[in-house]
Amino acid sequence: RVFYISTSFVNTNRPGFELERMDETGRLFNVRFHLCGRPLVYAAPPAGDDLRRLKASLAQLLEWTQSEEIVTIVQHPYWHEIARKLPNSRLIYDCMDQHAGFGNTGTAIEAAELSLFKESESVVTSSQWLRDLAAAHNPNVVLIRNAAEANFFAETPATVFADPEGRRVIGYYGAIAEWMDLDLLEKLAKRFADCLLLLVGADECGARQRLGVLPNVHFTGEVNYDELPYYLHGMDVCLLPFRVTPLTLATNPVKLYEYLAGGKPVVAIDLPEMAQFDGYVATAATHDHFLAEVEAKLAEP
């Protein structure tokens, strides 16, 4: 059985949990612990009353599951202290991001991650950069890069996005956050004024305020996962317009696998993990080079 512990909590002081069955066999559950308020899980680990309530909620879950052996896979350092309380448990840290690279990560989260590196039986990382980081603290590190539902993205939906004005579409989907290069996006919109720059995802960095005034930039806001092929198959060129930061240097972008599964030409900022896509993704280290690669992709049949 698999119990996924959500960071979306039930807002109450009374210890406990809510369960959502995620499959028909009763083997996959989404668990929401009771916890008062909306704690900033990325800023600091639980402490004080929050920690005591989470421990009490965890105890109730364990009593209900009657689990005798547990494999604990921690995907964010916020859960470190809770994971240590699980009995008869083998601890694995699934390190998917350079957490210190996020602007909302506190120093206590970084300290908790260091403990996870040292205490885990094994560490799984999604990029070589993260593997090198983890290997300095743990002798048993495994590199397992990301992946995509290839068939889901390869199949063209019955309807796909089309620009009402008939322009070709240069597109991106995913979080529009602090790692996005807004200067590059602005240059793209102005250089390819005859195309639509389509940005699909939640705007978390004020991109709409800056770029929304341009006549050929369209923001959709956040969309459901099931809608992604609708937008993907309407794009003529797909983008990875990230800034080069400690966060992006460590990332292995899932969206590249999805773009490629859809058979789309891709232009990406040159990051360490781009090496594995050699020959399949056009990479650029500068804005001018990026613009030239997009132009070349648009010129291809």
Any idea which heavy atoms bring [X] and [Y] closest together, and the distance?
X    : Y    : value
V160 : G234 : CB-N, 4.2 Å
G262 : H233 : O-CE1, 3.8 Å
L211 : L182 : CD2-O, 4.2 Å
A112 : P45  : CB-CG, 4.3 Å
L197 : A189 : CD2-CB, 4.1 Å
L298 : C195 : CD1-SG, 4.0 Å

Validation row: [X], [Y] side chains within 4.5 angstrom (heavy atoms):
X    : Y    : answer
E295 : L291 : no
P39  : Y78  : yes
F33  : V10  : no
M22  : Y4   : no
P15  : Q60  : yes
H34  : F9   : no
F277 : L260 : yes
W79  : R84  : no

Kindly say whether [Y] contributes a backbone atom to a donor-acceptor pair with the side chain of [X] at under 3.5 angstrom?
X    : Y    : result
N216 : F192 : yes
N11  : G37  : yes
D203 : G206 : yes
S89  : L91  : no
T65  : L62  : yes
N30  : E20  : no
D236 : V169 : yes
N138 : V123 : no

Could you state the interatomic distance from [atom1] ([X]) to [atom2] ([Y]), rounded to the nearest 0.5 Å?
X    : Y    : atom1 : atom2 : result
L35  : T12  : CG    : OG1   : 10.0 Å
E18  : L61  : CD    : CG    : 12.5 Å
E293 : T286 : CD    : OG1   : 9.5 Å
I109 : L116 : CD1   : CG    : 9.5 Å

For the pair [X] and [Y], name the ring-plane relationship: parallel under 30°, tilted 30 to 60°, perpendicular over 60°.
X    : Y    : value
F153 : Y173 : parallel
W64  : F3   : perpendicular
Y230 : F161 : perpendicular

Whether the [X] and [Y] side chains hold a donor-acceptor pair (N or O, under 3.5 Å, no angle test) is what I'd like checked.
X    : Y    : answer
R53  : N13  : yes
E69  : N88  : no
H289 : D270 : no
E119 : H80  : yes

With hydrophobic residues grouped by side-chain heavy-atom distances under 4.5 Å, do [X] and [Y] end up in a single group?
X    : Y    : answer
L198 : Y225 : yes
V41  : L114 : no
M274 : V244 : yes
L143 : Y257 : no
V254 : L130 : no

CA sep, side-chain torsions, deciding dist, call: F290, K187, side-chain contact (heavy atoms from CB on, under 4.5 Å): CA-CA 10 Å; F290 197 101; K187 290 179 181 179; over 6 Å; no
CA sep, side-chain torsions, deciding dist, call: V237, V267, side-chain contact (heavy atoms from CB on, under 4.5 Å): CA-CA 7 Å; V237 178; V267 180; 4.1 Å; yes
Co-members of the apolar cluster containing I144 [side chain, <4.5 Å]: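 Answer for I144: V71, I73, I92, V124, V142.
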Trace of the side chain to side chain donor-acceptor pair (under 3.5 Å) decision for D132 with Q128: CA-CA 6 Å; D132 294 343; Q128 183 64 44; 2.9 Å; yes
Steps toward side-chain contact (heavy atoms from CB on, under 4.5 Å) verdict (D226, F152): CA-CA 9 Å; D226 289 346; F152 176 71; 4.2 Å; yes
Derivation of the side chain to side chain donor-acceptor pair (under 3.5 Å) call for D23 and T25: CA-CA 6 Å; D23 71 340; T25 64; 2.6 Å; yes
Residue pair E258, K255: steps toward the salt bridge (charged side-chain N to carboxylate O under 4.0 Å, His left out) verdict: CA-CA 5 Å; E258 297 169 351; K255 62 180 56 52; over 6 Å; no
Other residues, nucleotides, ligands: >12 heavy atoms within 6.0 Å of [X] [atom1]:
X    : atom1 : result
R27  : CZ    : no
E63  : CD    : no
E222 : CD    : no
Q276 : CD    : yes

Can we say [X] and [Y] salt-bridge, meaning some charged N sits less than 4.0 Å from an Asp/Glu carboxylate O?
X    : Y    : answer
R210 : D183 : yes
E273 : R145 : yes
E178 : R243 : no
E186 : K190 : yes

Derivation and outcome, side chain to side chain donor-acceptor pair (under 3.5 Å), residues E113 and Y93: CA-CA 9 Å; E113 180 173 54; Y93 179 32; 2.5 Å; yes
E121: salt bridge (charged side-chain N to carboxylate O under 4.0 Å, His left out) partners, not counting sequence neighbours: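 Listed in chain order: R90.
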F17 and R32: CA distance, side-chain angles, deciding distance, side-chain contact (heavy atoms from CB on, under 4.5 Å) verdict: CA-CA 5 Å; F17 60 92; R32 296 175 65 209; over 6 Å; no
